[in-house]
There are 2 protein chains.
Amino acid sequence: MHNKMTMKEIARRLNISITTVSRALNSKSDVGEKTRQAVMALARELDYTPNEIAASLRKRKSSIIGVILPRVEHYFFATILKGIVSSAQKDNFAVILSESAHIPQKESELVGRLIGMNVSGIILAPCRNEIDISYNKSMEKNNIPIVLIDRMPKNYQGHFVKTNDFHGAEIAVKHLIQQGYKKIAHIRGHEYSSIAEDRYQGYCHALKLNNMEYNPALVKTCEFVNKEEGYYFTKELLLSDDKPDAIFTVSDEVAMGVYKAMGELGLNIPVDVGVVGYSNSMVSNFIYPTLSTIDQPGIRMGETAYEFLRSALDDTEKIRQKVFEAKLLIRQSSVRRQL
Amino acid sequence: MHNKMTMKEIARRLNISITTVSRALNSKSDVGEKTRQAVMALARELDYTPNEIAASLRKRKSSIIGVILPRVEHYFFATILKGIVSSAQKDNFAVILSESAHIPQKESELVGRLIGMNVSGIILAPCRNEIDISYNKSMEKNNIPIVLIDRMPKNYQGHFVKTNDFHGAEIAVKHLIQQGYKKIAHIRGHEYSSIAEDRYQGYCHALKLNNMEYNPALVKTCEFVNKEEGYYFTKELLLSDDKPDAIFTVSDEVAMGVYKAMGELGLNIPVDVGVVGYSNSMVSNFIYPTLSTIDQPGIRMGETAYEFLRSALDDTEKIRQKVFEAKLLIRQSSVRRQL
DNA sequence: ATGATTTACGATAACGTTTGCGGCAAATTT
DNA sequence: AAATTTGCCGCAAACGTTATCGTAAATCAT
């Protein structure tokens, strides 16, 4: 069990000051070429690894960014994470990952802890669309830049990266209409989720554009946004008087429940009922029939969020915002003529 | 832009020493009840968040653990990560996540950086099964405990959490045999991956146990272990003279390629060819026909790895090892009588 | 040659904590 | 009543860096 190498030790062995060692290793000016070489060589030989903790204490900022996601194992968030981690790694930035589990209070706590760790910035996928304390804590009080991803409060003014959920829903529903479906239901997410709200609005907008009547009985609101609810609401919808002939769901996962219910009811997708999901999860392309869905470029969103954060560290004025356009992937579940 | 709250500031306002503030906040002894209350109250009021960077510099250890995974967006790893993050959060431990991208040298670099960040331990899913430098760097030289997860070098002696890949493969193949399949192919992973090797050995073992001939032409080795290779090798297998009537794949993802190839060849699963995958990915239960596969409890593995690491921090002697038993999930893709 | 600038380095003080040591009352024991 | 323990607290030194400032020597311009 070796003792840990420090600059002090290198300085001692070379008979120079710690200051010089520091300068040499960080390739700053104010250090002679020979001494720099000597320091570098010895550092390599002794397998010196800089103590970034100490450095960031002194510099009052770290090369660590914090990431807070509602759920880490969820595929879409996992791809966002991938984008963040892989691009952060190129810059030698570390990523501290935490999970809010969709609990606003936890989210706020986590922001506090991240600040305590001197992270130089935070990427946050908020659980709700409220004006939130987390944001204030980070940005205004501690001057740590924050980039919101995927969801965000209304009238939010800061950095963000999202997809155009309104438009995504709109083209999904428009597509169903073009396929000849007449009564299109929507299984949506909570009211306090900005993405669910946007998708719902997009759904309404598409109906209006095509002179189709809006029927509140055809809109169901999930609590947990999972398969079980998709299953439950599909049964409810299809066993009611107002039987829809198409269902647009807020997520692919919910659509999985729709499929299951359809199977039990002996209904054919897409002949009897058309289905369009949201997110282009792995599953959607392999399920039978393949599920039409809206593609969200998770990895690129993660990368972009990281880049925004990085540049916000230097230039604090400019506000960076990016809306990725949603893309409709037409597959079997919504194409009537196919059969 | 407020200035950051520090113990010094709290001390100044209460006219006491920083020492006392520290002791009060960390609820140590040697501090009076009234002063403790006062400190706590003021800290809350000022929204003080401790600077953990400074603390961990002084204490020479942090409440941060490092996690290195080959790929973060891969479902199985994402579930492991979930297990780690959610249990770490309960202890107020932070998780630094990095990705080795299956590159051993990167893996080794990352271990170095994590050590530089004073992490108190590392959970590592190694890319290869070589005796690796990363491990030595962490454990022996710096005395930072490390827990390997999922894969590991041969003859590895330290802490680990894995599943019984040998047995998993064995029961998968045994199941195919019991279903009456006679020529069972195996699409496997790299030789230098311990899990691929174990599964391959399990495959061989099951054949031997059932007096079935081992035919090297029926074993294909992937380079990247993805859909494309599954597709490619399936075509190769089924267009050859030695046409198998069942395929056991090293992962569900590879099995996706198998499905695609089957579709193009007009072959029915499971009638013409039986398929069993590995990992119980989300997809497997929704694809048509549903894919029989081996379940790996990713979340529990992550949780266990974290617990091992935590307890290794206190008790450095004991070596902790856990092998989760693999579980066969029989679904449609391997059940012949169904049709 | 003389002054002005540049180069290369060191001494010192931070950054915000924790901790060993010691002080000094009050409380308790002998 | 003296001796000891206990409770509460502060001083000062760390932890391993980096930033600021100063300074001797070397180089430059005049």
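Residue numbers begin at 1 in each chain, while the letters A, B, ... track the order of the sequences. Basis for what follows: all heavy atoms, side chains included, without hydrogens, waters or symmetry-related copies.
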Protein-nucleotide distance ([X], atom [atom1]; [N], atom [atom2]), rounded to Å:
X: A:Asp30; N: C:dT6; atom1: CG; atom2: P; value: 12 Å
X: B:Met7; N: C:dT18; atom1: CE; atom2: C1'; value: 8 Å
X: A:Asn118; N: C:dG16; atom1: CG; atom2: C1'; value: 9 Å
X: A:Ile18; N: C:dA13; atom1: CD1; atom2: P; value: 14 Å
X: B:Lys4; N: C:dC15; atom1: NZ; atom2: P; value: 13 Å
X: A:Met5; N: D:dT17; atom1: CE; atom2: P; value: 11 Å
X: B:Leu57; N: D:dT18; atom1: CG; atom2: P; value: 12 Å
X: B:Lys8; N: C:dT17; atom1: NZ; atom2: P; value: 10 Å

At less than 4.0 Å, is any side-chain N or O atom of [X] found next to OP1 or OP2 of [N]? Yes or no.
X: A:Arg60; N: C:dA14; answer: no
X: A:Asn51; N: D:dC15; answer: no
X: B:Tyr48; N: C:dT17; answer: yes
X: B:Lys59; N: D:dA14; answer: no
X: A:Lys28; N: D:dA19; answer: yes
X: A:Ser22; N: D:dT18; answer: yes
X: A:Thr20; N: C:dA8; answer: no

Could you check B:Asn15 against A:Asn26 and say which one's nearest nucleotide on DNA chain D is further toward the 5' end?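 Closest to the 5' end, via its nearest nucleotide, is B:Asn15.
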Relative to each other, are the rings of B:His190 and B:His102 parallel, tilted or perpendicular (30° and 60° limits)?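 Answer is tilted, since the angle falls between 30° and 60°.
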Flag if over 12 foreign heavy atoms under 6.0 Å of CZ, A:Arg320: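 Yes, CZ of A:Arg320 has more than 12 neighbouring heavy atoms, counting only those of other groups under 6.0 Å.
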Answer yes or no: side-chain N or O of [X] and base N or O of [N] forming a donor-acceptor pair under 3.5 Å.
X: A:Arg23; N: C:dG10; answer: yes
X: A:Ser56; N: C:dC15; answer: no
X: A:Ser29; N: C:dA8; answer: no
X: B:Thr19; N: C:dT19; answer: yes
X: B:Arg58; N: C:dT18; answer: yes

Could you check whether B:Ile16 gets within reach of a base, just the sugar-phosphate, or nothing at all, counting any heavy atom under 4.0 Å?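 Result for B:Ile16 = sugar-phosphate.
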Is there a donor-acceptor pair under 3.5 Å between the side chain of B:Glu107 and the backbone N or O of B:Cys127?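 Indeed, once roles are kept as given, a pair shorter than 3.5 Å links the two residues.
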Do the side chains of A:Arg36 and A:Glu33 get close enough for a salt bridge, i.e. N-O under 4.0 angstrom?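 Result for this pair is yes, salt bridge flagged.
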Give me the atom names and distance for the closest heavy-atom approach of B:Ile96 to B:Met117.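 Between these two residues, the closest heavy atoms are CD1-SD, 3.6 Å.
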Provide the closest heavy-atom pair for A:Tyr156 versus A:Pro153 in the form atom of the first, atom of the second, distance.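 Taking A:Tyr156 first and A:Pro153 second, the nearest heavy atoms are CB-O, 3.2 Å.
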